[in-house]
Amino acid sequence: MLPVVLAYSCVVWLQAGILAKGWWVQLLLFGLSCYLMVELNNSNVLLRVRSRMIAATFIVLSTMLVTFFGQWKGGVCALSFIAALNVFFRSYQDREAVGHTYFAFCLIALASMFLVHMLLLVPILWLLMHTHLQSFSWSAWRASLLGLLTPYWLVVPWFVWQHDIGTFTRHFVPLAQIIATPVASQLDVMQMANVAFIVVLLLVSAIHFWTNRMDDKIRIRMLYGFLIVMSFFCIALVALLPQHYDPLLRILVVCASPVIAHFLTVSSSRFTNILFLVVVALCVVLTVINLYGPPTHITVWNYL
């Protein structure tokens with residue numbers, strides 16, 4: 001499964017023009033993200049059967065979003081968040097894992113240097129550390145603050161040296177200027193279709209997981225609960241901040257991929273087998289449309 005998906009992704013990258021446009025940094029970020037998704041599954045045994053479906057799902061959904069290929073800042077945010085997840089999950093039920101907490105929030109802060117709104121994830125991460133990872137403590141909280149401050153401590157001397165501290169302070173201004181913007185005015189039809197497709201898949205997968213959660217161990221249920229809550233929080237952020245559609249949807253794909261992969265892997269009814277083929281077909285169709293543009297010659301599409 002995974003080699004086929006990787007070959008498919010390489011073909012799409014080539015068709016998107018990686019050779020002509022020189023998207024080698026973006027491809028490297030994508031490759032590292034794929035590797036960390038494999039590690040996320042292997043180190044936590046998120047699927048109760050031996051499968052690479054989590055990484056495969058992440059690759060297919062990320063490849064579907066062809067318009068993101070040239071945007072490296074979103075790739076940095078996604079890579080940092082996946083790395084943070086790997087560290088967060090290692091702190092499960094360990095209130096003394098201040099080192100893991102420090103490095104996880106340090107990675108979130110690193111991502112926030114490219115998109116300051118990544119800091120909006122911090123409160124929900126604190127909550128999930130308490131409710132799902134059961135690793136929250138005053139020591140962990142202090143370690144998280146130190147982790148958030150560390151990357152900024154490292155760059156402040158540069159701005160002071162350049163006598164440009166104003167640029168540093170202006171980086172945080174957007175956090176105080178969040179104004180809900182109508183999604184329809186910021187996103188085009190294909191962008192909304194991409195979001196809708198992932199959200200519907202996530203809803204179906206989350207419902208399936210919660211109705212069959214007793215088949216998994218308690219630790220796995222907690223980790224998937226963490227990912228589901230984070231997924232819906234990311235959906236809310238996409239709706240609230242559609243102007244940052246690129247990085248926020250990448251984070252949504254990271255959180256939703258394991259949940260969707262769990263559904264596609266462990267469900268084995270005739271209906272879900274047919275649904276799997278439908279999902280694959282829709283992913284390919286959306287990838288082609290994102291790659292080459294909508295078929296404007298079709299009258300029905302014009303009305304959409």
Are the side chains of [X] and [Y] in touch, meaning some heavy atoms are under 4.5 Å apart?
{"X": "Lys217", "Y": "Val45", "answer": "no"}
{"X": "Met118", "Y": "Ile251", "answer": "yes"}
{"X": "Leu223", "Y": "His132", "answer": "no"}
{"X": "Ile260", "Y": "Leu61", "answer": "yes"}
{"X": "Leu127", "Y": "Val229", "answer": "no"}
{"X": "Leu120", "Y": "Leu175", "answer": "yes"}
{"X": "Ile18", "Y": "Leu27", "answer": "yes"}

Work out which heavy atom in [X] is nearest to a heavy atom in [Y]; give both atom names and the distance.
{"X": "Leu107", "Y": "Ala84", "answer": "CD1-N, 3.6 Å"}
{"X": "Ser257", "Y": "Thr57", "answer": "O-CG2, 3.8 Å"}
{"X": "Ile59", "Y": "Ser9", "answer": "CG2-CB, 3.7 Å"}
{"X": "Val12", "Y": "Leu291", "answer": "O-CD1, 4.4 Å"}
{"X": "Glu39", "Y": "Asn86", "answer": "C-OD1, 3.7 Å"}
{"X": "Ala261", "Y": "Thr265", "answer": "O-OG1, 2.7 Å"}

Does [X] use its side chain to pair, donor to acceptor, with the backbone of [Y] at less than 3.5 Å?
{"X": "Gln93", "Y": "Gln134", "answer": "no"}
{"X": "Asn44", "Y": "Leu46", "answer": "no"}
{"X": "Asn41", "Y": "Met37", "answer": "no"}
{"X": "Thr169", "Y": "Gly166", "answer": "yes"}
{"X": "His171", "Y": "Ser112", "answer": "yes"}
{"X": "Arg52", "Y": "Val38", "answer": "no"}

Could you check whether atom [atom1] of [X] has more than 12 heavy atoms from other residues, nucleotides or ligands sitting under 6.0 Å from it?
{"X": "Trp138", "atom1": "CH2", "answer": "no"}
{"X": "Phe172", "atom1": "CZ", "answer": "yes"}
{"X": "His130", "atom1": "NE2", "answer": "no"}
{"X": "Tyr102", "atom1": "OH", "answer": "yes"}
{"X": "Ile274", "atom1": "CD1", "answer": "yes"}

Q: Determine which pairs satisfy side-chain hydrogen bond (donor to acceptor under 3.5 Å, both in side chains) with at least one residue from residues 280-291, sequence neighbours left out, and list them in order.
A: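 For residues 280-291, and leaving out neighbouring residues, the side-chain hydrogen bond (donor to acceptor under 3.5 Å, both in side chains) pairs sorted by first residue read Tyr8-Thr287, Asn194-Asn290.
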
Q) Are Phe105 and Phe88 close enough that their ring centers fall under 6.0 Å? A) yes

Q. Quick check, are the ring centers of Trp158 and Trp161 under 6.0 angstrom apart?
A.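 So the answer is no for these two rings.
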
Would you give the length of the straight line joining atom [atom1] of [X] to atom [atom2] of [Y], rounded to the nearest 0.5 angstrom?
{"X": "Leu249", "Y": "Cys234", "atom1": "CG", "atom2": "SG", "answer": "9.5 Å"}
{"X": "Leu227", "Y": "Leu40", "atom1": "CG", "atom2": "CG", "answer": "7.0 Å"}
{"X": "Ile54", "Y": "Cys34", "atom1": "CD1", "atom2": "SG", "answer": "13.0 Å"}
{"X": "Thr131", "Y": "Phe136", "atom1": "OG1", "atom2": "CZ", "answer": "11.0 Å"}
{"X": "Leu125", "Y": "Leu133", "atom1": "CG", "atom2": "CG", "answer": "9.0 Å"}
{"X": "Leu248", "Y": "Cys77", "atom1": "CG", "atom2": "SG", "answer": "8.5 Å"}

Q) Given the rule in the side-chain contact (heavy atoms from CB on, under 4.5 Å) test, do Val279 and Cys283 qualify, once you have shown the distances and angles that lead to the verdict? A) CA-CA 6 Å; Val279 168; Cys283 283; 4.3 Å; yes

Sort and list the pairs that fulfil salt bridge (charged side-chain N to carboxylate O under 4.0 Å, His left out) and have at least one residue in [range], not counting sequence neighbours.
{"range": "residues 59-74", "answer": "none"}
{"range": "residues 83-97", "answer": "none"}
{"range": "residues 231-260", "answer": "Asp246-Arg250"}

Q. Which of parallel (below 30°), tilted (30 to 60°) and perpendicular (above 60°) describes Tyr152 and Phe168?
A. perpendicular

Q: Could you label the plane-to-plane angle of the Phe226 and Phe89 rings as parallel, tilted or perpendicular, counting under 30° as parallel and over 60° as perpendicular?
A: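 Phe226 vs Phe89 ring planes: perpendicular.
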
Q: Any chance you could lay out the side-chain contact (heavy atoms from CB on, under 4.5 Å) test for Trp153 and Leu146, step after step, and finish with the verdict?
A: CA-CA 10 Å; Trp153 274 344; Leu146 185 60; 3.3 Å; yes

Would a hydrophobic clustering, with Ile, Leu, Val, Met, Phe, Trp and Tyr connected at side-chain separations under 4.5 Å, put [X] with [Y]?
{"X": "Val60", "Y": "Val4", "value": "no"}
{"X": "Phe30", "Y": "Leu14", "value": "yes"}
{"X": "Ile198", "Y": "Ile207", "value": "no"}

**Q.** ring pair (Phe, Tyr, Trp, His ring centres under 6.0 Å) pairs, two or more places apart, involving residues 48-76
**A.**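 Every pair satisfying ring pair (Phe, Tyr, Trp, His ring centres under 6.0 Å) with a residue in residues 48-76: Trp13-Phe69, Phe68-Tyr245, Trp72-Phe114.
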
Q: Would you kindly check if the NZ (Lys) or CZ (Arg) of Arg219 is within the cone defined by 45 degrees around the ring axis of Tyr92 and under 6.0 Å from the six-membered ring centre?
A: yes

Q: Please name all residues satisfying side chain to side chain contact (heavy atoms under 4.5 Å, CB included) with Ser231, sequence neighbours left out, ordered by chain then number.
A: Leu202, Leu252, Cys255, Ala256

